[in-house]
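I have placed the structure first, in the form of structure tokens, so that the comments after it can refer back to it.
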Amino acid sequence: MTIAVGDRMAELSQVITREQIKAYADASGDQNPIHQDDEVARSVGLPGVIAHGMLDFGLLARALTDCLDDPGRLRRLKVRFSTLVRPGDTVTCRGSVSALVGGAGTATLDVWMENQRGERVLNHGEAVVSLR
């Protein structure tokens, strides 16, 4: 795998649906009603149903591993959750190589996820990938 500082990863865009949020709730066991019931979500001050933050995180991880010839090369991924994702939002995962560590055989990428309004949903992200 040959990469250079400044290289951008392939973007991944996806529309978040209620069905996807429900499937994530079922798979994760997180049945908190703020993820499935607008009335409950609004009763706690939210604008309506929101996606699980870890669903968003998982999409970013998938965008990264899709760029690698071996998903096991993803060594670390961290982000800050910064904006809610709602059903109907289109999220786009983005990233670029910020550093190469030749001796360690790794690359560091700045990564984030934006919604259709250009707001960063996941921010201050960093991924470390193995180049070997």
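Here the structure is a predicted model, which means the values were calculated and not measured. Quick note: numbers below take in every heavy atom, side chains included, and nothing from hydrogens, waters or symmetry partners.
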Legend entry - Student check: side-chain heavy atoms of Tyr24 and His35 closer than 4.5 Å: no
Legend entry - Sidechain-backbone polar pair: Gln31 side chain, Ala25 backbone, donor-acceptor under 3.5 Å: yes
Legend entry - Leu64, Leu122, Leu60 screened by side-chain contact (heavy atoms from CB on, under 4.5 Å) with Cys93, the one that passes: Leu60
Legend entry - Reported CG-to-CG distance for the pair Asp30 and Asn32, which is rounded to 0.5 angstrom: 5.5 Å
Legend entry - Side chains of Leu131 and Leu100 in contact at under 4.5 Å (non-hydrogen atoms): yes
Legend entry - Pair listing, side chain to side chain donor-acceptor pair (under 3.5 Å) test, anchored in residues 38-47, at least two apart: Arg18-Asp38
Inset, instruction - First locate atom CZ of Arg62, then atom CG of Leu12, and finally report the distance between them rounded to the nearest 0.5 Å. - result: 4.5 Å
Legend entry - All side chain to side chain donor-acceptor pair (under 3.5 Å) counterparts of Arg132, not counting sequence neighbours: none
Inset, instruction - Quick one: pull up CG in Asp110 and CZ in Arg8 and give me the separation to the nearest 0.5 Å. - result: 10.0 Å
Legend entry - Of all pairs that satisfy side chain to side chain donor-acceptor pair (under 3.5 Å), the ones with a partner from residues 84-104, not counting sequence neighbours: Glu11-Arg94, Ser13-Thr92, Asp89-Gln116, Arg94-Glu114
Inset, instruction - Check whether more than 12 heavy atoms from other residues, nucleotides or ligands sit under 6.0 Å from atom CZ of Arg75, and answer yes or no. - result: yes
Inset, instruction - Please examine the side chains of Pro87 and Thr17, heavy atoms only from C-beta on, and report whether any two atoms are closer than 4.5 Å. - result: no
Inset, instruction - Decide yes or no on side-chain contact (heavy atoms from CB on, under 4.5 Å) for Gln20 and Leu59, but give the supporting numbers first. - result: CA-CA 12 Å; Gln20 184 179 27; Leu59 290 172; 4.3 Å; yes
Inset, instruction - Could you grab the distance from atom CG of Asn123 to atom OG1 of Thr83, nearest 0.5 Å is fine? - result: 8.0 Å
Inset, instruction - May I ask you to check whether over 12 heavy atoms, not counting those of Arg117, lie within 6.0 Å of atom CZ? - result: yes
Legend entry - Val85 and Asn115: CA distance, side-chain angles, deciding distance, side-chain contact (heavy atoms from CB on, under 4.5 Å) verdict: CA-CA 8 Å; Val85 173; Asn115 63 21; 5.9 Å; no
Legend entry - Transitive ILVMFWY side-chain link Leu55 to Val15, under 4.5 Å: no
Legend entry - Minimal non-hydrogen separation, Leu74 against Leu68, with atom names: N-CD1, 3.8 Å
Legend entry - Common cluster, Ile16/Val49, ILVMFWY with side-chain heavy-atom separation under 4.5 Å: yes
Inset, instruction - Determine whether Leu46 and Val40 make a side-chain contact, defined as any pair of heavy atoms from C-beta on separated by less than 4.5 Å. - result: no
Inset, instruction - Please report the shortest heavy-atom distance between Val111 and Glu126, naming the atom on each side. - result: CG2-N, 3.7 Å
Inset, instruction - With the side chain counted from C-beta on, respond yes when Val129 and Leu109 share a heavy-atom pair under 4.5 Å apart, and no when they do not. - result: yes
Inset, instruction - Anything under 30° is parallel, anything over 60° is perpendicular, the rest tilted; go ahead and classify Phe81 against Phe57. - result: tilted
Legend entry - Exercise: identify the closest heavy-atom pair between Gly125 and Val79: CA-CG1, 3.7 Å
Inset, instruction - Spell out, yes or no, whether Leu84 and Met54 are grouped together once hydrophobic residues are joined by side-chain heavy atoms under 4.5 Å, including indirect joins. - result: no
Inset, instruction - Quick one: closest heavy-atom pair of Val97 and Ala4, and the distance? - result: CB-O, 3.5 Å
Inset, instruction - Give a yes or no on whether the backbone of Val128 and the side-chain of Thr108 come within a donor-acceptor separation of less than 3.5 Å. - result: no
Inset, instruction - Would you mind reporting whether Met113 and Arg120 have side-chain heavy atoms less than 4.5 Å apart? - result: no
Inset, instruction - Run the numbers on Asp70 and Thr65 for side-chain contact (heavy atoms from CB on, under 4.5 Å), then give the verdict. - result: CA-CA 7 Å; Asp70 174 2; Thr65 59; over 6 Å; no
